[in-house]
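Report on the following structure.
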Number of protein chains: 2
Amino acid sequence: MGRTPHGQTRHKIFKFVRQRLRAGRPPTVREVQQAFGFSAVETARSHLDALVEQGLLEKESGKARGYRLPPGGRERPLFLIPLLGRVQAGALTTAVEEIEGFLPVDVRGAEEDLFALRVRGESMVGVGILPGDIVIVRRQPTAASGDVVVALVDDEATVKTLHVRGGAVELVPASPHFKKIVVEPDALTLLGKVIEVRRVLEPTA
Amino acid sequence: MGRTPHGQTRHKIFKFVRQRLRAGRPPTVREVQQAFGFSAVETARSHLDALVEQGLLEKESGKARGYRLPPGGRERPLFLIPLLGRVQAGALTTAVEEIEGFLPVDVRGAEEDLFALRVRGESMVGVGILPGDIVIVRRQPTAASGDVVVALVDDEATVKTLHVRGGAVELVPASPHFKKIVVEPDALTLLGKVIEVRRVLEPTA
DNA sequence: AAATATACCAGACATTTGTCTGTTTTGCAA
DNA sequence: TTGCAAAACAGACAAATGTCTGGTATATTT
């Protein structure tokens, strides 16, 4: 077969392998061979080897599908957590609620402890949490004073700042149009702590 | 060795394999064997087979590292976009700027067109964009009136709302303590449009 | 308690996969 | 034009990997 100018095929191979790696489907050397129509496995292998020499790929020698992208923030574990449409009273289980979709979130703690909700009111605009924002919540039964939390009030999930005052617990809004809610600690149903807020200004295509 | 109750090990194996698959590192049967301390490869293989029967995994028979997650929304393409620490005047290229890290973002348009910046001032608190927030920006040389944009002003990146008035362009703050900036359209260096805002209330562990 | 189903073990073997050696051909620089 | 480097070919072999058969032990159900 004809020869390509120096480096051209290699660059194409890099893009092919990168795409496969990002898709979570590491290729074998023979799959690279076939993808590019080479007669010899060794052609593919030597290109891959050169990419390793160039530092564009790393490899686990002798292991099947052993090439990978170098660590550099381009390959990292992620959680996909559910965006819940509606939270019912009672124990939170993702099997029960209505799942609108999933959000990619950096790994932290246990995936099953994370969920997301849409903010529905204006009670927290004072701290930059607007209606329509998405809050990412970690399930926990308690939280610290000052934490932004999601709690159940009248069977409705609400986002507020938690204040612990003496024997009582307050769910404090960040807007003058809303009143704080005082709850007995053992009557409080705390769904979790807000760990991230996201606002999408332009929907995904 | 002792036996676990029915389904318990299998569930753990599913979680292990899923985590590996999401990390783009499909395991071999022997890697599953080792991870769980089985003496026999067949133990791992039969659990994996059962997971396939249950529809929790799929597999390419006879292929190394052939197990994969079923298509179904739990596996989705994502972009990892750079969080830039500082933007210099001149053409934006990620090779030049200081990259602080990467953010996972749902696929939209071309990955190279997306970047993230930290908000540094309080000029946009009126619309819920606080200092320390991260804005995700799509590079574009123009934007519509009303869009939240990132522009270069005095060689400094700034987040403002774009207003187009007659022959002039205004960068409008959302706080009474800041003045709007009027720019000639051809003197405006628009870096892009803000498409998402994120606030991390609790850092990743 | 007995029967059944499931978890786990052991070993062997076929196939896939990586890798090496040796060679030819073509692009590029001197 | 010549020499060198890189692209590509060919073949063989070792090791990794998947898979199958046969078996024991424990959890669960009847």
Side-chain angles (χ1 to χ4, degrees), chain A residues 1-70, chain B residues 1-70:
Chain A
M1 77 176 301
R3 299 294 166 86
T4 55
H6 294 182
Q8 202 181 95
T9 301
R10 184 162 306 151
H11 182 63
K12 282 178 180 165
I13 289 178
F14 175 62
K15 290 175 70 175
F16 170 77
V17 173
R18 183 177 64 178
Q19 185 266 321
R20 284 286 298 262
L21 289 168
R22 285 187 177 161
R25 310 272 301 293
T28 63
V29 179
R30 281 171 174 81
E31 278 169 7
V32 174
Q33 175 201 2
Q34 280 151 30
F36 286 83
F38 301 138
S39 296
V41 186
E42 171 62 15
T43 308
R45 199 211 59 80
S46 71
H47 278 293
L48 291 164
D49 211 46
L51 289 168
V52 171
E53 299 260 334
Q54 286 175 43
L56 294 175
L57 293 180
E58 293 189 344
K59 89 163 163 169
E60 270 186 286
S61 267
K63 297 279 187 161
R65 304 180 193 270
Y67 293 93
R68 67 178 70 159
L69 292 167
Chain B
M1 80 175 300
R3 302 291 166 86
T4 56
H6 292 181
Q8 203 181 95
T9 301
R10 184 162 305 150
H11 182 63
K12 283 179 181 166
I13 288 177
F14 175 62
K15 288 174 69 176
F16 170 77
V17 173
R18 185 178 62 178
Q19 187 265 320
R20 284 286 297 263
L21 289 169
R22 285 187 177 159
R25 311 270 303 291
T28 63
V29 180
R30 283 171 174 82
E31 279 169 5
V32 174
Q33 176 201 0
Q34 281 152 27
F36 286 82
F38 301 138
S39 296
V41 185
E42 174 60 18
T43 309
R45 197 211 62 78
S46 70
H47 277 295
L48 291 164
D49 211 49
L51 289 168
V52 170
E53 300 260 334
Q54 286 175 43
L56 294 175
L57 291 179
E58 293 186 344
K59 89 162 163 170
E60 270 185 286
S61 267
K63 297 280 186 165
R65 305 180 194 266
Y67 293 94
R68 67 179 69 161
L69 291 167

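Since this is a predicted model, take the numbers as computed values, not measurements. Here is how names work: the chains are called A, B, and so on, in the same order as the sequence lines, proteins then strands, and each is numbered from 1. Note that these values count all heavy atoms, side chains included, but never hydrogens, waters or copies made by symmetry.
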Rounded to whole Å, the CZ-P distance (B:Arg10 to C:dA7) equals 4 Å
* To do: Output yes when at least one side-chain N/O atom of B:Thr4 is less than 4.0 Å from OP1 or OP2 of C:dC8, else no.
  => yes
Classify the nucleic acid contact of A:Thr9 as base, sugar-phosphate or nothing, counting any heavy atom under 4.0 Å across all strands shown. sugar-phosphate
In this structure, OG of B:Ser46 is separated from CZ of B:Phe38 (nearest 0.5 Å) by 8.0 Å
The nucleotide from C:dA7, D:dG18, C:dG18 with an atom nearest the side chain of B:His6 is C:dA7
Whole-Å distance, B:His11 NE2 to C:dT6 C1', equals 18 Å
**OP:** Report yes if the side chains of A:Thr9 and A:Thr43 come closer than 4.5 Å at any heavy-atom pair, otherwise no.
**Re:** no
To the nearest angstrom, the CZ-C1' distance between B:Arg30 and C:dT16 comes to 12 Å
Item to complete: Have a look at A:Thr43 and say if it touches a base, only the backbone sugar-phosphate, or nothing, with a 4.0 Å heavy-atom cut-off.
Response: base
Of the candidates C:dA7, C:dC9, C:dT19, the side chain of B:Glu42 sits closest to C:dC9
In numerical order, the residues of residues 51-64 of chain A whose heavy atoms come under 4.0 Å of DNA chain C are A:Lys59, A:Ser61, A:Gly62, A:Lys63, A:Ala64
Can you list the steps and then say if B:His47 with B:Val32 is a side chain to side chain contact (heavy atoms under 4.5 Å, CB included)?
-> CA-CA 10 Å; B:His47 277 295; B:Val32 174; over 6 Å; no
For C:dC8, does OP1 or OP2 lie under 4.0 Å from any side-chain N or O of B:Ser39?
no
Separation between CZ (B:Phe36) and CZ (B:Arg10), nearest 0.5 Å, reads 12.0 Å
Here the distance between atom C1' of D:dA15 and atom CD of B:Glu31, to the nearest Å, is 14 Å
Quiz item: Looking at side-chain heavy atoms only, is the closest gap between B:Arg65 and A:Lys63 below 4.5 Å?
Solution: yes
Here the distance between atom C1' of D:dA7 and atom CZ of A:Arg45, to the nearest Å, is 13 Å
In whole angstroms, the gap separating P of D:dC20 from CG of B:Asp49 amounts to 8 Å
Of D:dA10, C:dC8, D:dT28, the nucleotide closest to the side chain of A:Ala40 is D:dA10
Separation of C:dA5 atom P from B:Arg3 atom CZ, nearest Å, is 16 Å
For residues 13-20 of chain A, please give each side-chain donor-acceptor pair under 3.5 Å, one per line with the distance, not counting sequence neighbours.
unit_1	atom_1	unit_2	atom_2	d
A:Arg20	NE	A:Arg25	O	2.8
A:Arg20	NH2	A:Arg25	O	3.4
A:Arg20	NH2	A:Glu31	OE1	2.9

In short, side-chain hydrogen bond (donor to acceptor under 3.5 Å, both in side chains) pairs touching residues 48-60 of chain A with sequence neighbours left out are A:Glu60-A:Arg68
Whole-Å distance, B:Phe38 CZ to D:dG23 P, equals 22 Å
